[in-house]
Amino acid sequence: MSIAVKTMRKGEVAELSMKFFYGLISQNSNTTIDELDVLKKVNKAGEGHDRPNEGSHVKVIYLCKGEDGTIIERKGSKEEPFEFTTQEEQVYEGLEKAIMTMKKEEQALVTINAEYLCDHSNLQGNKANNNKIYYEVELIDFTKEKPFWKMDTQEKLEACEQKKHDGNLLFKAQNFSRASKKYEKAVKYIEFDHTFSEDEKLHANTLRLSCNLNNAACKLKLEEYTEAARLCTKVLEQDPLNVKALYRRCQAYLKTSDLEKAEADIKKALIIDPNNREIKLEYKELKLKQKEYTKYEADIFSTMVSKMN
């Protein structure tokens, strides 16, 4: 709780989730708890109260060691610190999480369970020899990304467009998880548009629709079908005749076996665009699934009757 509160602003309301064992840790900061994936011990307190947030440009020095003291990786120096942008998958996730809790000029020892390294190719070779990996980290400096509430309307629109563009590039690279986060961030910049002019509101609505529609495509790829349907519904609230939104929501409904809703969407899409090949194929898939479901129901009914007899 004390760690989480330090990352919050006045008036902020947050939901905190943690591993069960975290609630059983003693107050001794030198205690190592195997059940934790990432543990940070402050060796030298930093200055001020600010910490890097998503999109911050960070300068660090770090030394990565195994349990036997063997140096695995070294990045940066006082003269030339290692620089990266947070939440861009430019450094190992566990290390990045720790750095984002640090203050300027803070020095810390970050301990990470080797099991947490499964997706990090640079460190995978050291998993067999180490149960834990240790990072000696110093946060030299950082520049935070300008928060949306400090932006004027034009800056918000430009930031939204940039995040959408980043999302499009990531989608093309088939990095659907990161693309989805970019689209979500893009929408946040224009979430509150009460200060926008009428022209700016029209522009923001176009961007919002496009980002939600693209994000729905990401969610389908990530097999998050309920979320995909929710995003398509948002688009259809803005534009009830949006064929792509109807088509993608139908795809999501098919995956969750909401066949009646899927049929309503695909029929409406066919009325709007009767020559669309993809919609026709989706309609065929719907009919096939309906046929399979009817047979399934009939088989169950037949089994029930035979048991009763």
Are Tyr135 and Leu109 close enough, and set up right, to give a side-chain contact (heavy atoms from CB on, under 4.5 Å), and what steps lead you there? CA-CA 6 Å; Tyr135 284 93; Leu109 176 66; over 6 Å; no
Run through Glu73, Lys132, Glu136 and flag the one making a side chain to side chain contact (heavy atoms under 4.5 Å, CB included) with Lys65.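 Result: among Glu73, Lys132, Glu136, Glu136 is the only option passing the side chain to side chain contact (heavy atoms under 4.5 Å, CB included) with Lys65.
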Passing option when Glu138 is tested against Ile61, Leu63, Asn43 for side chain to side chain contact (heavy atoms under 4.5 Å, CB included):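 Exactly one pass, corresponding to Ile61.
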Go through the structure and list residues passing side-chain hydrogen bond (donor to acceptor under 3.5 Å, both in side chains) with Asn53, not counting sequence neighbours. Ser56
What residues form a side-chain hydrogen bond (donor to acceptor under 3.5 Å, both in side chains) with His57, not counting sequence neighbours? Glu83
Hey, mind stepping through Arg208 and Asp193 against side-chain contact (heavy atoms from CB on, under 4.5 Å) and telling me if it holds? CA-CA 11 Å; Arg208 188 181 295 109; Asp193 60 2; 3.7 Å; yes
Short question: side chain of [X], backbone of [Y] - any donor-acceptor pair under 3.5 Å?
X      : Y      : answer
Thr70  : Gly66  : no
Arg51  : Ile99  : no
Thr7   : Ile3   : no
Ser257 : Tyr253 : no

Closest approach of [X] and [Y], non-hydrogen atoms and distance?
X      : Y      : answer
Lys59  : Pro81  : CB-CB, 3.9 Å
Tyr189 : Glu145 : OH-OE1, 3.4 Å
Ile279 : Ala269 : CD1-CB, 3.8 Å
Ala204 : Ile190 : O-CD1, 3.3 Å
Ala186 : Cys160 : O-SG, 3.3 Å
Glu200 : Leu157 : CG-CD1, 3.9 Å

Using a distance-only test with no angle check, is there a side-chain donor-acceptor pair under 3.5 angstrom linking Thr256 and Asp258? yes
[X] and [Y]: same hydrophobic cluster, using ILVMFWY side-chain contacts below 4.5 Å?
X      : Y      : result
Tyr293 : Leu254 : yes
Ile133 : Met102 : yes
Leu213 : Leu207 : no
Val38  : Val58  : yes
Leu231 : Leu236 : no

Assess whether side-chain contact (heavy atoms from CB on, under 4.5 Å) is satisfied between Ser180 and Lys221, documenting all intermediate values. CA-CA 10 Å; Ser180 176; Lys221 294 287 187 182; over 6 Å; no
Determine, for [X] against [Y], whether the closest basic-nitrogen to carboxylate-oxygen distance falls under 4.0 angstrom.
X      : Y      : result
Glu227 : Arg230 : yes
Asp50  : Lys144 : yes
Lys181 : Glu88  : no
Arg248 : Glu278 : no
Lys146 : Glu155 : yes

Flag the pair [X] / [Y] as yes when at least one side-chain heavy-atom distance between them is below 4.5 Å, and no otherwise.
X      : Y      : result
Leu16  : Met1   : yes
Asn215 : Cys218 : yes
Lys284 : Lys280 : no

Among Lys219, Lys164, Lys234, which residue meets the salt bridge (charged side-chain N to carboxylate O under 4.0 Å, His left out) test with Glu184? Lys219
Is the count of non-hydrogen atoms from other residues, nucleotides or ligands lying under 6.0 Å from [X] atom [atom1] greater than 12?
X      : atom1 : value
Lys287 : NZ    : yes
Lys201 : NZ    : yes
Glu80  : CD    : no
Gln90  : CD    : yes
Lys255 : NZ    : no

Should side-chain heavy atoms under 4.5 Å link Ile, Leu, Val, Met, Phe, Trp and Tyr, which residues sit in the same cluster as Phe176?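 Phe171, Tyr183, Leu222, all in the cluster of Phe176.
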Among Glu263, Glu285, Glu260, which one satisfies side-chain hydrogen bond (donor to acceptor under 3.5 Å, both in side chains) with Gln290?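 Result for side-chain hydrogen bond (donor to acceptor under 3.5 Å, both in side chains) with Gln290: Glu263.
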With sequence neighbours excluded, tell me which residues meet side chain to side chain contact (heavy atoms under 4.5 Å, CB included) with Glu12. Met8, Arg9, Ala14
By side chain to side chain contact (heavy atoms under 4.5 Å, CB included) - contacts of Glu96 (at least two apart): Phe84, Thr86, Gln87, Val91, Met100
Mind telling me whether Phe192 and Phe148 have parallel, tilted or perpendicular rings, with 30° and 60° as the class edges?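 The arrangement is parallel - the two ring planes meet at less than 30°.
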Under the criterion side-chain hydrogen bond (donor to acceptor under 3.5 Å, both in side chains), I'd like the reasoning laid out for Lys41 against Thr111: C-alpha separation, chi angles, the key distance, then a yes or no. CA-CA 8 Å; Lys41 179 189 173 188; Thr111 306; over 6 Å; no
Would you mind writing out the side-chain donor-acceptor pairs for residues 238-247 within the sub-3.5 Å range, not counting sequence neighbours?
from, atom 1, to, atom 2, distance (Å)
Gln238, NE2, Asn205, O, 3.0
Asp239, OD1, Leu241, N, 3.4
Asp239, OD2, Asn242, ND2, 3.4
Asn242, OD1, Lys244, N, 3.2
Asn242, OD1, Ala245, N, 3.0
Tyr247, OH, Gln251, NE2, 3.3

[X] side, atom [atom1]; [Y] side, atom [atom2] - distance, nearest 0.5 Å:
X      : Y      : atom1 : atom2 : value
Ile271 : Ile266 : CD1   : CD1   : 11.5 Å
Phe142 : Thr85  : CZ    : OG1   : 14.0 Å
Ile272 : Leu270 : CD1   : CG    : 9.5 Å
Ile72  : Cys64  : CD1   : SG    : 4.0 Å

Applying side-chain hydrogen bond (donor to acceptor under 3.5 Å, both in side chains), run through His203 and Glu161 and close with a yes or a no. CA-CA 10 Å; His203 188 188; Glu161 286 180 332; 2.9 Å; yes
Show your working on side-chain contact (heavy atoms from CB on, under 4.5 Å) between Val60 and Lys75 and close with a plain yes or no. CA-CA 8 Å; Val60 297; Lys75 286 284 181 78; over 6 Å; no
